[in-house]
Amino acid sequence: MKQRAPWQRTHTCGELTLAHRDQDVVLNGWIENHRHHGQLIFLDLRDRYGVTQVVVDQDGPGTAAGTFESVRRLGAEDVVAVHGRVRARDADKVNKNRTTGAIELFATQVTVLSEAETPPFEVLDKAEANEELRMQYRYLDLRRRPLQEALGKRARFVTAIRNFLAGRGFLDIETPILTKSTPEGARDYLVPSRVHPGRFFALPQSPQIFKQLCMVAGLDRYYQIARCFRDEDLRADRQPEFTQIDLEMSFVEEHDVLDLVEAMVVHGMREGFGIELPQPFPRFDFEQAMERYGCDKPDLRFDMTLVDCTELARTSDFKVFRAAVELGGVVKGICAKGAAEKFSRKGIDELTAFVGGLGAKGLAWAKVTAAGLEGSIAKFYEGDRGRLLCERMEAEPGDLLLFVADQKKVVNKALGDLRLKVGGQLGLRDPAVFRCCWVLNFPMFEWNDEKARWQFAHNPFSAPVDWDIGDFGVDTANIRSRAYDFVMNGWELGSGSIRIHRRELQARVFEFLGITPEQQRANFGFLLDAYKYGGPPHGGIALGVDRLVALALGREGIRDVIAFPKTSMAYDLMADAPSGVSPEQMAELQIASTAKKTP
RNA sequence: GGGGGCGUAGCUCAAUUGGUUAGAGUACCGGACUGUCGAUCCGGUGGUUGCGGGUUCGAUUCCCGUCGCCCUCGCCA
């Protein structure tokens with residue numbers, strides 16, 4: 001039989017019920033609250049599993065001498081062991097808000113395991129404290145239910161993912177944290193090398209190249225819950241270090257990866273959060289997503305798709321529409337079902353200002369009534385013209401129509417964002433509803449105005465849709481890559497591709513982007529070399545765990561699902577990191593700081 | 001790097017047009033109380049108004065600078 005010290009718990013603070021009545025038990029936990037009634041004291045004892053009420057009666061049967069006096073001095077967050085007997089409460093004294101509310105622990109002896117100073121903020125779920133303080137004393141904030149629940153479900157989710165992938169033959173393989181800096185992409189976090197003075201490791205922005213080398217190695221199926229590091233400015237959904245479900249498979253095409261990841265996400269969401277995702281996830285071509293939703297990460301919780309009305313506008317009496325078409329632009333609209341009454345003139349003015357901020361010159365609108373259209377474009381769409389427009393927009397009386405006319409890029413951006421805004425105002429973006437989709441065939445390259453050259457739209461290892469493409473310089477903007485994004489509720493949660501697996505093609509891509517053979521050798525030589533010795537066709541994906549968990553739990557940002565996050569200035573308020581180091585350490589590494597202020 | 005918001009008691013917040021001794025709730029400390037569960041009642045401690053400077057007879061309030069936190073644009077292949 002297992003040894004148990006006298007103070008150690010027999011049960012947790014979440015599990016005692018009427019089934020345990022009259023049993024002698026020991027609980028360990030933190031004092032969450034205490035209520036004194038003269039000769040009677042109530043303690044709420046908390047651990048990860050719940051809260052149980054402890055009663056200490058000065059003259060109670062079996063109450064050890066001195067117990068009451070010592071308990072009287074206890075306060076919030078003291079850590080104690082309570083010996084006692086489980087007692088059923090009278091019917092009128094049951095606390096229905098707690099799973100343990102039907103019983104209480106009648107204490108015979110209370111041992112103080114650790115005394116606590118008054119905490120800087122109250123460790124109660126309902127107590128408010130600003131985030132700065134909560135981050136500084138993260139270990140106290142972590143005692144509270146919102147964070148404990150987030151970390152608990154996150155762990156369940158990750159375990160489910162591991163089980164899923166392990167069950168399908170994936171190997172969990174660790175890749176280096178100390179690795180090589182590469183010029184493209186995000187800024188690297190650097191680590192100086194002592195034994196190679198003047199040289200630096202970089203922390204990985206992702207395990208990308210190593211997982212591809214795993215494929216060259218014939219490991220066939222790789223996965224890793226991988227920490228990634230990027231030294232860029234932060235947002236609510238970005239931390240300097242974050243976690244990805246990273247995986248790669250050999251001898252596969254897009255549908256193999258997508259099918260597997262879809263099943264994995266469904267499994268993880270179910271096991272981790274009890275969320276059932278509707279399947280299959282729709283798959284959109286990049287172009288199709290842009291046309292219908294105005295963006296490459298559609299929020300499918302509601303419809304309100306962008307409808308092209310360019311042909312109808314071509315012959316319109318409305319000069320703004322006709323002029324846009326004549327200049328090679330497009331006219332598109334969205335139909336907000338039943339929204340006519342929900343948007344006043346002022347509300348529509350606000351929408352106009354909103355799209356104005358996105359580059360649109362204006363917002364044409366009409367409310368659909370049984371008698372026809374009302375609104376800014378009504379007089380140009382009387383009678384049949386109006387009927388045709390409504391038909392095109394699939395609009396019925398009570399609907400609100402919103403149109404933007406401009407160059408395609410502007411229209412898609414303006415209407416795409418407007419769709420999200422109006423959808424939000426109409427309550428169509430329910431945080432308890434989850435809709436996923438895939439977006440495929442992204443452009444391979446995009447033009448960088450600033451640098452006046454083409455650059456990777458996704459990553460330099462994504463294969464072009466046409467394996468045997470001759471010249472990347474011809475019709476560059478229309479070359480598609482075999483890249484795909486996983487999207488949930490308008491959040492990009494994953495990104496991957498079928499990779500280039502032949503040295504010659506990879507080298508040509510680099511060359512097209514102006515990376516010289518010397519630079520290729522210096523930065524990616526080991527990957528190019530590896531392909532000399534037989535690289536299998538392969539592809540994979542990386543999913544952002546922090547964002548996925550935050551979304552599933554309806555949290556505002558990913559700090560709420562990370563145990564020890566950093567501030568938006570990439571600072572750890574609890575550990576005080578980064579910090580200065582001694583001159584000796586600097587000297588040993590043969591580095592010097594040029595910072596104006598020394599920490 | 002740019003824009004915006006915030007900073008007052010341990011915590012959450014208030015303080016009129018720039019004007020008396022900067023208040024309230026809560027926490028904390030002391031007292032009363034044998035059925036509370038956000039206990040209640042009585043009393044008390046607690047302030048570099050983030051920091052530095054300026055304007056003023058007088059600054060929490062206005063101005064300049066600075067630090068920190070949050071949001072956001074750029075950035076994040």
**Q** Measure from the side chain of T567(A), starting at C-beta and using heavy atoms only, and say which of rC73(B), rA27(B), rC69(B) lies closest.
**A** rC69(B)

**Q** What are the two closest heavy atoms between D560(A) and R555(A), and how far apart are they?
**A** O-NH1, 3.7 Å

**Q** If I compare all heavy atoms of W30(A) with all of E77(A), which pair ends up nearest, and what's the gap?
**A** CD1-O, 3.5 Å

**Q** Does OP1 or OP2 of rU36(B) have a side-chain N or O of R35(A) closer than 4.0 Å?
**A** no

**Q** Find the partner of rC69(B): check Watson-Crick (N1-N3 plus N6-O4 or O6-N4) and G-U wobble (N1-O2, O6-N3) distances, both under 3.5 Å, and reply none if neither fits.
**A** rG5(B)

**Q** My understanding is that a pair needs two contacts under 3.5 Å, Watson-Crick or G-U wobble. By that rule, which nucleotide pairs with rU40(B)?
**A** rA32(B)

**Q** For the C1' atoms, the ones on rU8(B) and on rG25(B), what distance do you get once it is rounded to whole angstrom?
**A** 15 Å

**Q** Short question: side chain of E122(A), backbone of A129(A) - any donor-acceptor pair under 3.5 Å?
**A** no

**Q** What is the separation between atom CG on L133(A) and atom C1' on rG10(B), rounded to the nearest whole Å?
**A** 9 Å

**Q** Choose from rC75(B), rC70(B), rA77(B) the nucleotide whose nearest atom is closest to any side-chain atom of E131(A).
**A** rC70(B)

**Q** Would you measure the distance from the P atom in rU60(B) across to the matching atom in rA22(B) and give it in whole Å?
**A** 10 Å

**Q** Looking at rC70(B), I'd like to know if its phosphate oxygens (OP1 or OP2) sit under 4.0 Å from a side-chain N or O belonging to S568(A).
**A** yes

**Q** Closest-nucleotide mapping onto RNA chain B: is K566(A) or G185(A) further toward the 5' terminus? I mean the 5' end.
**A** K566(A)

**Q** Rounded to whole angstrom units, what separation is found between the NZ atom of K126(A) and the C1' atom of rU26(B)?
**A** 13 Å

**Q** Heavy atoms only: give me the nearest V487(A)-D296(A) pair and the separation to one decimal.
**A** CG2-O, 4.1 Å

**Q** Take E248(A) and R499(A) through the salt bridge (Lys or Arg N to Asp or Glu O under 4.0 Å) test and state the conclusion after the steps.
**A** CA-CA 10 Å; E248(A) 197 78 5; R499(A) 324 293 183 187; 2.8 Å; yes

**Q** Look at the side chain of A186(A) and decide which nucleotide, out of rC37(B), rC76(B), rU34(B), has an atom nearest to it.
**A** rC76(B)

**Q** Given the P atoms of rC73(B) and rG65(B), what is the spacing between them in whole Å?
**A** 26 Å

**Q** Identify, residue by residue, the members of residues 75-104 of chain A with a heavy atom below 4.0 Å from RNA chain B, and return them in order of residue number, or none.
**A** R87(A), R89(A), K93(A), N95(A), R98(A), E104(A)

**Q** Sticking with atom C1', work out how far rU26(B) lies from rU40(B), rounded to a whole angstrom.
**A** 15 Å

**Q** Taking rA15(B) as the reference, what is the distance to rU20(B) when you measure between their P atoms (whole Å, please)?
**A** 15 Å

**Q** Figure out the CZ/P separation between R72(A) and rC33(B), and round it to whole Å.
**A** 10 Å

**Q** Using the side-chain heavy atoms of N459(A), tell me which of these nucleotides is nearest: rU12(B), rA77(B), rC76(B).
**A** rA77(B)

**Q** Distance between the P atoms of rG18(B) and rG30(B), in whole angstroms?
**A** 44 Å

**Q** Nearest-Å distance, CZ (F354(A)) to P (rC73(B))?
**A** 11 Å

**Q** Within the 4.0 Å heavy-atom criterion, would you say R230(A) contacts the bases, only the backbone, or no part of the nucleic acid?
**A** sugar-phosphate

**Q** Assign Q39(A) to base, sugar-phosphate, or nothing according to its heavy-atom contacts below 4.0 angstrom with the strands shown.
**A** base

**Q** Show the nearest heavy-atom pair for residues Q208(A) and F461(A), with the distance to one decimal.
**A** CG-CD1, 3.6 Å

**Q** Between rG74(B) and rU66(B), how far apart are the P atoms? Round to whole Å, please.
**A** 25 Å

**Q** Checking contacts here: which listed nucleotide (rC69(B), rC71(B), rC37(B)) is nearest the side-chain heavy atoms of D44(A)?
**A** rC37(B)

**Q** Figure out the CG/C1' separation between D233(A) and rC70(B), and round it to whole Å.
**A** 14 Å

**Q** rG19(B) pairs with which nucleotide, Watson-Crick or G-U wobble, both distances below 3.5 Å?
**A** rC57(B)

**Q** Return no unless some side-chain N or O of R73(A) is found under 4.0 Å from OP1 or OP2 of rC29(B).
**A** no

**Q** Strictly by Watson-Crick or wobble contacts shorter than 3.5 Å, is anything paired with rG10(B), and which nucleotide is it?
**A** rU26(B)

**Q** Would you say T175(A) and Q224(A) are linked by a side-chain donor-acceptor pair, where the criterion is simply a distance under 3.5 Å?
**A** yes

**Q** Quick check: does any side chain N or O of T179(A) sit under 3.5 Å from a backbone N or O of P176(A), one acting as donor and the other as acceptor?
**A** no

**Q** Taking all non-hydrogen atoms of both residues, which atom of P298(A) and which atom of V439(A) are closest, and how far apart?
**A** CD-CG2, 3.9 Å

**Q** Measuring from the side chain of A236(A) (C-beta onward, heavy atoms only), which nucleotide among rC71(B), rC28(B), rA39(B) has the closest atom?
**A** rC71(B)

**Q** Out of rC28(B), rA27(B), rA77(B), which nucleotide sits closest to the side chain of H34(A)?
**A** rC28(B)

**Q** Do Y49(A) and C13(A) have side chains that get closer than 4.5 Å, going by heavy atoms?
**A** no

**Q** Has E511(A) got a side-chain atom pairing as donor or acceptor with P517(A)'s backbone, closer than 3.5 angstrom?
**A** no

**Q** Under the criteria of a ring-centre distance below 5.5 Å and an interplanar angle below 30°, is F121(A) stacked with the base of rC11(B)?
**A** no

**Q** Taking only the side-chain heavy atoms of D59(A) (C-beta and beyond), determine which of rG38(B), rC37(B), rU34(B) contains the nearest atom.
**A** rU34(B)

**Q** Please give, in whole Å, the distance from rU36(B) P to L45(A) CG?
**A** 21 Å

**Q** For rC75(B), does the base pair up with any side-chain atom of R238(A) as donor and acceptor (N or O, under 3.5 Å, distance only)?
**A** yes

**Q** Output the rounded distance in Å from NE2 (H36(A)) to P (rG31(B)).
**A** 11 Å

**Q** Applying a 4.0 Å non-hydrogen cut-off, can you work out what P460(A) is touching in the nucleic acid: base, sugar-phosphate, or nothing?
**A** base

**Q** Measure from CE on M135(A) to C1' on rC11(B) and round the result to the nearest Å.
**A** 17 Å

**Q** Of N130(A) and F461(A), whose closest RNA chain B nucleotide lies nearer the 5' terminus?
**A** N130(A)

**Q** Could you give the distance separating rG1(B) and rG38(B) at their P atoms, to the nearest angstrom?
**A** 49 Å

**Q** With heavy atoms under 4.0 Å as the rule, sort Q53(A) into base, sugar-phosphate or nothing.
**A** base

